[in-house]
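What follows is a single structure, written as structure tokens, with notes after it.
Quantities reported herein were computed from a predicted structural model and do not represent experimental measurements.
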Amino acid sequence: MDAEESTSNAVLEDLKTNVLNVVAPSFCSGTLPLDRSLGSLFFKRGDGSDPGMIDFANVGLQDGDIQKLVDVCQQATFGRGDQDVLDESYRKAWKLDTSEFSTQFDIIRSGVMNIIHDQLLHYEKNNMKLEPHLYKLNIYGPGSFFKPHVDTPRSQDLFATLVVVFPTVHTGGNLLIGKEGSLLNFDSSKLLFDSESQSPQFAFAAFYSDIEHELLPVESGYRITLTYNLHLAETQVGFTKSISLDPPLNTLVVTLCALMVAKDVLPTGGALGFGLLYKYPVDPKDLDLAQFTRALKGNDALVRMACERIGLKVAVKVFYNWNYDEYIADNTQDERRQSYEERSLSQILKSIGGRRIYSPYYYTTDEDTLSILWVTPKKRMVPADASFMTYGNEYTMKYLYGDLVLVAEFPELKERLEIVSTKFPQIVEELKLKEASADE
């Protein structure tokens with residue numbers, strides 16, 4: 001291995017490490033003030049009489065008052081596959097559906113959506129927004145809990161979950177975000193009353209919908225929450241590029257620039273491939289890859305943004321592998337619905353924008369191949385069914401499955417050097433100094 005190749009391998013390893021370890025916010029939490037005139041919750045009574053009411057602005061609220069609410073609730077279920085399951089060994093709680101209660105808490109006027117937007121959509125502030133959909137009211141009393149789980153995705157645009165906790169006196173019931181609370185141990189019981197005035201206030205936690213979380217047993221009192229599903233939606237405001245770079249984004253841009261100027265990395269051009277690091281609720285038969293590319297989160301969004309800042313064309317594509325033949329495609333289905341029986345696998349994949357990935361180990365007569373350098377490995381977390389019904393063709397298969405991956409076009413060396421030297425002259429100088437010091 002010569003010096004240039006050794007340097008390039010080191011740069012590639014640095015990029016992989018940064019992609020995996022640079023941390024983009026995946027959760028946030030805090031408190032919200034409670035207007036004493038807007039602290040009421042109204043709920044239906046089972047006997048059909050006048051609605052019941054609880055005023056959470058009342059500092060003298062007792063468990064007996066809350067029991068009236070519990071009496072009209074149903075036992076809470078949880079999602080398992082496409083079924084709602086009741087199993088108190090896994091989840092013990094009560095719930096009300098949105099048709100059975102009304103709250104004076106206004107999620108928009110509270111300002112919490114602005115906080116969540118700035119934290120979880122930090123790199124998408126100008127062209128994406130989060131729309132809150134109220135899902136349930138949940139009550140956890142003494143001994144109630146919810147074992148580790150991931151929220152059931154009920155739509156493709158589900159992005160995050162928001163939990164708003166009403167001010168009640170209770171102990172326990174910590175929300176652990178991440179495996180065993182590795183991201184956050186959210187003890188809302190200590191946040192619901194102002195430390196100085198003891199005035200009641202709301203507590204909240206929001207986190208990506210694919211993050212594992214659990215609720216530890218409530219020891220005393222009642223923990224009452226509103227759960228919102230936060231859906232991703234595009235705004236009409238155009239994306240505005242910022243001159244300044246945040247530290248995590250800057251780290252990826254600098255490392256990508258180092259790879260761009262590496263002389264023995266895809267000198268004739270090709271593509272960089274990134275396995276997605278998060279799970280997404282997608283329907284592969286109804287998937288808009290262009291829209292999906294704009295809806296990435298966390299480090300996936302950071303990688304896409306870093307490539308865009310440099311000027312690389314980047315998009316989510318579908319990776320297919322069959323009998324050592326690898327393809328990258330722009331779509332998941334052939335909209336023309338031609339007869340699959342009379343077409344080869346290569347023809348089918350090309351009909352959805354597929355290109356064969358170049359491999360030095362397998363001979364091919366296909367001249368339109370693409371060289372891909374995989375920065376992070378492909379994962380089976382986001383599969384896409386190509387829905388190819390290919391009865392009778394030479395591969396004798398019924399379906400072909402692929403993985404969603406992020407792919408950035410990587411120009412030939414001469415063009416890359418021009419891009420980096422024009423857009424990031426300071427980074428080029430820093431890389432030259434670093435290279436010179438390494439040679440000494």
To the nearest 0.5 Å, what is the distance between [atom1] on [X] and [atom2] on [Y]?
| X | Y | atom1 | atom2 | value |
| --- | --- | --- | --- | --- |
| Asn138 | Ser144 | CG | OG | 10.5 Å |
| Leu158 | Leu232 | CG | CG | 10.0 Å |
| Asp14 | Leu256 | CG | CG | 11.5 Å |
| Leu41 | Ser102 | CG | OG | 8.0 Å |
| Leu404 | Leu289 | CG | CG | 6.5 Å |

Would you say the ring centroid of Phe78 lies under 6.0 angstrom from that of Tyr90?
-> yes
Centroid-centroid under 6.0 Å between Phe202 and Phe166 rings |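 That pair passes the under 6.0 Å test.
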Glu418 and Arg416: CA distance, side-chain angles, deciding distance, salt bridge (charged side-chain N to carboxylate O under 4.0 Å, His left out) verdict = CA-CA 5 Å; Glu418 184 176 344; Arg416 299 199 311 256; over 6 Å; no
Is the shortest side-chain heavy-atom distance between [X] and [Y] below 4.5 Å?
| X | Y | result |
| --- | --- | --- |
| Leu373 | Phe410 | no |
| Val265 | Met260 | no |
| Phe204 | Val163 | no |

Look at the aromatic rings of Tyr222 and Trp94 and report parallel, tilted or perpendicular, splitting at 30° and 60°.
->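 Tilted, since the angle between the ring planes falls between 30° and 60°.
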If the plane angle is over 60° it's perpendicular, under 30° parallel, otherwise tilted; pick one for Tyr208 and Phe159.
-> perpendicular
Residues passing the salt bridge (charged side-chain N to carboxylate O under 4.0 Å, His left out) test with Lys95, sequence neighbours excluded, are Asp97
Sequence neighbours left out, what passes salt bridge (charged side-chain N to carboxylate O under 4.0 Å, His left out) with Lys190? Give chain and number order.
-> Asp187
Stepwise side chain to side chain donor-acceptor pair (under 3.5 Å) test for Arg309 and Asn250 = CA-CA 10 Å; Arg309 289 295 175 92; Asn250 184 68; over 6 Å; no
Looking only at atom types and distance, does a side-chain atom of Arg356 sit under 3.5 Å from a main-chain N or O of Tyr327, one as donor and one as acceptor?
-> no
Under the side chain to side chain contact (heavy atoms under 4.5 Å, CB included) criterion, do Leu12 and Val375 qualify, and how do the steps go?
-> CA-CA 7 Å; Leu12 180 61; Val375 180; 4.1 Å; yes
Step-by-step salt bridge (charged side-chain N to carboxylate O under 4.0 Å, His left out) determination, Asp210 to Lys297 | CA-CA 11 Å; Asp210 65 313; Lys297 53 192 177 184; 3.2 Å; yes
I would like to know whether Thr171 and Ser220 meet side chain to side chain donor-acceptor pair (under 3.5 Å); could you show each step before the answer?
-> CA-CA 5 Å; Thr171 58; Ser220 65; 2.7 Å; yes
Is the count of non-hydrogen atoms from other residues, nucleotides or ligands lying under 6.0 Å from Gln198 atom CD greater than 12?
->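 Above 12, so yes.
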